[in-house]
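Notes follow once the structure below has been shown.
Hydrogens, waters and symmetry mates are skipped; everything else that's a heavy atom, side chains included, is used. The first residue of the sequence shown is numbered 1, and numbering continues consecutively from there.
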Amino acid sequence: MRNAWRAWQELSGLLLPVACAGCGRPRTELCTACGAALHGAPARLVRPSPRPPGLPAVYAAAPYENAVRAVLLAHKERGALGLAGVLGRALAGSVRAGAGRPGDAGPLLLVPVPSARSSTAARGHDPVRRIAAAAARDLRRAGLPAQVLPLLRQRRAVADQSGLGARQRRANLAGALELTAGGGRLLQHGLLRAGPLQHGPLQHGLLQHGLLRLGRVILVDDLLTTGSTLAEAARAVGEARGVGRESSVHGVCRAAVVAASPTAFEINRN
């Protein structure tokens, strides 16, 4: 049933009249101006205020407002799956900004923040994972080894985040994420041994060489608001490695998002 819905979403995008997801201009899925708003400027380091404990360095492509907000919502909530490519391009820019120097060793391992199963079922797709896959393809086309590794899962249900403040979101998400069994082995031992991680050329290369460059783990999400979700994801990764929460800030992983709240951009403008 879900595959049929996804096929209809993709087919309808071809058959029905198209309008820009950002501004409504007819006969284009995304106009030049709205595309520039999304990925026309270099990605920047952003920081919410207050910063939740354990939040790693986060890079974002654009402020979450106007056309950028409309495009993200169209992809996420209205099934405009054709926008995944342009959103992935924006996310790839954020990943490059946060990954360190181009010559740094090790592949880029994009770890998407997991969606609740109920949300994925209701939407018919996993927006973050879809955008992450598009970003990985963009990075590989640019000559950067990159792969999406879905290492995280929800260990318990969480309440709807909309309408919650920063403190309430932190409490809602505390302890909510954990690594999958294969992900735990990967981060604890630096080896790929079993399960769904053993497929594809990058995984095969990591298996051959053994060690995983943990500094290249990049948590990815579509949006940064309070930072609570990424802080919880970083906690789960850091806990698997046996390090403290604040160690996430100092190199366990970094994070990249498509967009961040305008205030998170303003805080780091200087």
Side-chain angles (χ1 to χ4, degrees), residues 30 32 34-48 55-64 67-68 71-72 75 83-113 127-152 187 200-203 205-206 209 211-224 227 229-231 233-234 237 248-262 264-270:
L30 188 71
T32 302
C34 291
L38 186 62
H39 52 65
R44 295 230 317 268
L45 182 68
V46 294
R47 179 171 59 86
L55 180 68
V58 184
Y59 291 80
Y64 185 64
V68 172
V71 171
L72 273 171
H75 175 263
L83 295 170
V86 70
L87 291 169
R89 178 182 169 188
L91 180 61
S94 299
V95 170
R96 281 191 290 268
R101 295 182 299 275
D104 286 352
L108 294 167
L109 304 178
L110 311 188
V111 179
V113 170
V128 175
R129 191 164 173 178
R130 184 180 290 272
I131 294 171
R137 290 192 294 270
D138 190 274
L139 291 164
R140 289 195 296 270
R141 283 194 295 267
L144 297 172
Q147 184 74 22
V148 177
L149 294 181
L151 305 182
L152 294 170
L187 292 184
L202 176 62
Q203 285 89 337
L206 287 173
H209 292 91
L211 292 178
L212 175 70
R213 302 286 186 174
L214 292 174
R216 306 280 278 188
V217 172
I218 311 290
L219 300 172
V220 296
D221 205 351
D222 56 351
L223 175 64
L224 171 82
T229 303
L230 286 171
V237 172
S248 298
V249 182
H250 304 293
V252 170
C253 59
R254 294 184 180 183
V257 296
V258 175
S261 64
F265 268 83
E266 290 299 326
I267 288 170
N268 276 349
R269 185 169 294 277
N270 295 320

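- In terms of modelled atom types and a separation under 3.5 Å, the side chain of R89 and the main chain of D138 share no donor-acceptor contact.
- Atom CZ of R96 is surrounded by more than 12 heavy atoms from other residues, nucleotides or ligands within 6.0 Å.
- Of all non-hydrogen atoms in A233 and V113, the two that sit nearest each other are CB-CG2, 4.4 Å.
- A donor-acceptor pair under 3.5 Å is formed between the side chain of S94 and the backbone N or O of A61.
- Distance check, rounded to the nearest 0.5 Å: CG of L219 to CG of L230 gives 6.0 Å.
- For the atom pair CG (L83) and CG (L38), the distance works out to 9.0 Å, reported to the nearest 0.5 Å.
- Atom CG in L108 sits 11.0 Å away from atom CZ in R140 (nearest 0.5 Å).
- Scanning both residues, C253 and A234, for their nearest heavy atoms gives SG-CB, 4.0 Å.
- Here the closest heavy-atom approach between residue Y59 and residue L45 is recorded as CD2-N, 3.6 Å.
- Among all heavy-atom pairs drawn from P112 and L110, the shortest one is CD-O, 3.3 Å.
- Between atom CG of residue L30 and atom NE2 of residue H75 there is a gap of 12.5 Å, rounded to the nearest 0.5 Å.
- The shortest side-chain heavy-atom distance between L87 and D222 does not fall under the 4.5 Å cut-off.
- Between A99 and R254, the shortest heavy-atom distance links the atoms C-NH1, 4.3 Å.
- Nearest heavy-atom pair across A134 and A84 is CB-O, 3.4 Å.
- Going from atom CD1 of I218 over to atom CG of L91 covers 10.0 Å, rounded to the nearest 0.5 Å.
- At least one side-chain heavy atom of L55 sits under 4.5 Å from a side-chain heavy atom of P48.
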